[in-house]
Structure formats: structure tokens, C-alpha cells
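This report refers to the structure that appears directly beneath it.
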Amino acid sequence: MWETKTDDGFFRTNCPVCGNKLIGDSEKGEQVCPSCGFVTTGPVDEGPEWKAIDLEEKSKRVRVGSPTTLTLHDLGLSTDISTEMRDSHGKYLDPAMRATVEKMKKWQSRIRTINSQERGLSIVLSRISEVCNNLSLPRNVAETAALIYRTSVKLKVAKSKSIMGMTAATVYLACRKCGVSRTLKEVARAAGLEKGNVAKYFRLILKDVEKNYIPPPSVEKHISKLVNLAKIDPRVEHLALNVSRQTNDSKISSGKAPAGLAAAYVYMSSVMLGEHLPQREVAEFAEVTEVTVRNRCRELLDNYIIRQKLGWKE
DNA sequence: ATGGTTTTTACTGCGTC
DNA sequence: GACGCGGTAAAAACCAT
């Protein structure tokens, strides 16, 4: 039972079999039902992972950015001035004091209108945090997403745009900027949106906010992610990365979905190392079809002679 | 909108356990 | 027979123009 997400893209908190609350094992990232033994692999510990064993983990560990959090819109401070014109002892205020208090109230209401803009900001920022948690993304991605959103507000790009659309698009862009491999599809799913919808907002932001092009995650990132997700032997990852570096030909990769290529490398490496994962499984985790995996494998074998000490057909 | 490219869907056949 | 694998044709999705 690998699939941990429900149809709407969120992780379960209750057992789908008997309905009891799942107990998390933060070490393995699994959740277990105490009464029926149902096991799922949802993210339990959202904190930073300090065991860096591959590319993705390494990039997650990068600590950059400002020390204060950008994902909170203010410090949570707000005070109201009473409508009753009395002082703290209950005595009525004299006319002069009354006038100054009136002035203060006026100012506060002006400030309040700024707060209503801020309120919109805070909603999106909390959504960003939610979506990042759903995707078990590191803190710096959420911070980056928050920064992107703040600047798009400043540039009036976020004006009258769907909250979730902007959220998903900023998170996706943040992933690309931080070098964390998450597909548009995955982000859209976590936000409960259609892929095409998110793409629209993403293009918008790319056009007006983040003008320099950020390349999508490399095949190597995809390999790392795939190995991580499917809990494959790190040796397979090592070999897959090796082979991919030696064959990263434009002939092989141009126009091809990097996830499919990554799946092919991982599959081939697993065969070479005697692990022999089923195509089906690799394809599933890479979110491509077996056909695509096969096609990439065939192209690789047509163009390269891939050898391994332990013996592999040529 | 369109046309070319890639991916998916659906199906078939083969060998093995 | 079920399973994993390899292939193909056609539909669907994607992308640049």
C-alpha cells in the first residue's frame, strides 16, 4: 500500500479501513493504524530532514533567506479603541481628551483598511504553508513562495486572482527556484486544482514577476526524487546518476519528459544491479507509463552500449 | 487555431514461474 | 493462469508557432 493521498490530494489522518486515528512513525515517515494495522507512508514529521543522502536532500538542507519568517503577515498584534468615552477608571473623558481619542479612532480605521489588504495576504500565506506541508517541502521553499507572492502583490499581479491559483503557482515556482523536484501536477494536486489552471497562473507570474527563466528540475533531480519516493537501494541511484551523466545527450533528452527518462535510468540500473524492480513500479512512482519507460530504455540502448561489470545485455 | 511531437491508452503475443 | 515484459496503433496531451 503505497498510495497515501486521498483523491483530493490530501493526506489521511484517519485509517481508511476502520476509521481510527493513525499513529505516526516520524523516523520512517509512516503512519500506522493501532487497531487494524493499516500502514501508509504519509509525511508525519514536517521538520527538516538532516540525513542528506542524495541530491534532493542536499538541496533541501540549504539554509538561505531572511531570519524572520515571511509566511506570517504581521506579528499578530492588534488593539481596538473602545467606543465608550471613558478612561480606565470609568470616568467620562473631558472634551479635549475626547477629541484626541476621536482622532485616534479615525486613524485606527485607516490602518484597519490597510489591514484588510493584509488579511488577503495572510490568507494566501497560510495556504502556501499548507500546500508546502502537504508536499512535505522544506521551509526555504515556503519562504521563497511567500516572497514571490509578496512581490506579486506589490507589482499588482496578484490583484483579483484566485487565492489557490496564486498559491499553487508561487509554490511551484518556489520549488523550481530552490531546485526541489516537484511537478506542476503534484503541486496542483496538493492545492486541489487542475494542472492547466495552475499553469496559467504560473505563466502569469513568470511573465510579470520572475522574469528570468528558471530551468525545470534536471533528470538527475528526478532520479533522486524517484529513488527517495520508492525507497530504492541508494546503489541504484548512484548507478542511475552515473549512467545519466554519461548519456545526457540532446538526442536522448530533448523534448522528452525528464520523469520518464529518470524512470528509465532507475529501471535499467536496478536491473544491472540485480535488484530488478518491476517496470510497473518504477513507472508508477515516476508518474509515467510503462510504455514511456520502455521507449526511453530502448532509445538509450539503441544509442549507447551500456555495460556493467555484473553483465548486462548490450 | 494548428501541426508536429510526445505520452497515454488499450490491446496482443511471448516466455516463465 | 498470472505475471512481467516488449511491441504497436490510435487517441490524447502538450508545445511552439
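Naming convention: chains lettered A, B, ... in sequence-line order (proteins, then strands); numbering from 1 in each chain.
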When you measure from the side chain of A:Ser136 to the backbone of A:Asn133, do you find a donor-acceptor pair of N or O atoms at a distance under 3.5 Å?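 Pair absent, no side-chain N/O of A:Ser136 close to backbone of A:Asn133.
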Are A:Val131 and A:Leu204 connected in a single hydrophobic cluster, I mean Ile/Leu/Val/Met/Phe/Trp/Tyr linked by side-chain heavy atoms less than 4.5 Å apart?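 In one cluster: yes.
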Would a single hydrophobic cluster contain both A:Ile163 and A:Tyr201, if residues Ile, Leu, Val, Met, Phe, Trp and Tyr are joined by side-chain heavy-atom contacts under 4.5 Å?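 Shared cluster, yes.
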For a quick test of reading the model, state the closest non-hydrogen atom pair linking A:Ala188 to A:Val198 and the distance between them.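 So the two residues come closest at CB-CG2, 3.7 Å.
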If you look only at pairs with a residue in residues 156-177 of chain A, which of them pass as a salt bridge (charged side-chain N to carboxylate O under 4.0 Å, His left out), with sequence neighbours excluded?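 Residue pairs passing salt bridge (charged side-chain N to carboxylate O under 4.0 Å, His left out), neighbours aside: A:Lys177-A:Glu210.
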With sequence neighbours excluded, what pairs up with A:Arg235 under the side-chain hydrogen bond (donor to acceptor under 3.5 Å, both in side chains) test?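 For A:Arg235 the side-chain hydrogen bond (donor to acceptor under 3.5 Å, both in side chains) partners, ignoring immediate neighbours, are A:Asp233.
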Quick one: list whatever passes side-chain hydrogen bond (donor to acceptor under 3.5 Å, both in side chains) with A:Glu290, sequence neighbours left out.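 A:Glu290: no side-chain hydrogen bond (donor to acceptor under 3.5 Å, both in side chains) contacts found.
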At under 4.0 Å between heavy atoms, how does the protein contact nucleotides 10-17 of chain C? Give one character per nucleotide, 5' to 3', with B, S or -. ----S---
Sugar-phosphate atoms are those with a prime plus P, OP1 and OP2; base atoms are the rest. Using that split, label each nucleotide of nucleotides 12-17 of chain B B, S or - for protein heavy atoms under 4.0 Å, 5' to 3'. ------
Would you kindly give the [atom1]-to-[atom2] distance between [X] and [N], to the nearest whole Å?
X	N	atom1	atom2	value
A:Arg280	B:dT9	CZ	P	12 Å
A:Lys185	B:dT7	NZ	P	12 Å
A:Glu284	C:dC5	CD	P	13 Å
A:Leu261	B:dT7	CG	P	8 Å
A:Glu299	B:dT5	CD	C1'	12 Å

Phosphate-side-chain proximity, [X] and [N], N/O vs OP1/OP2 below 4.0 Å:
X	N	result
A:Arg298	C:dG7	yes
A:Arg296	B:dT7	yes
A:His276	C:dG4	no

In Å and rounded to the nearest 0.5 Å, what is the NE2 to OG distance from A:His276 to A:Ser270?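 These two atoms lie 6.5 Å from each other.
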Could you grab the distance from atom OH of A:Tyr267 to atom CZ of A:Arg296, nearest 0.5 Å is fine?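 CZ of A:Arg296 is found 15.0 Å from OH of A:Tyr267.
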What do you reckon, is CD of A:Glu275 surrounded by more than 12 foreign heavy atoms closer than 6.0 Å?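 Check passes, neighbour count above 12.
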Contact residues, residues 288-295 of chain A to DNA chain B [heavy atom, < 4.0 Å]: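 Residues of residues 288-295 of chain A under 4.0 Å from DNA chain B: A:Val288, A:Thr289, A:Val291, A:Thr292.
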Checking side-chain polar atoms at under 3.5 Å, does A:Glu287 have a donor or acceptor matched by the opposite partner on A:Thr183?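 On atom types as modelled, these side chains do not qualify, holding no pair under 3.5 Å.
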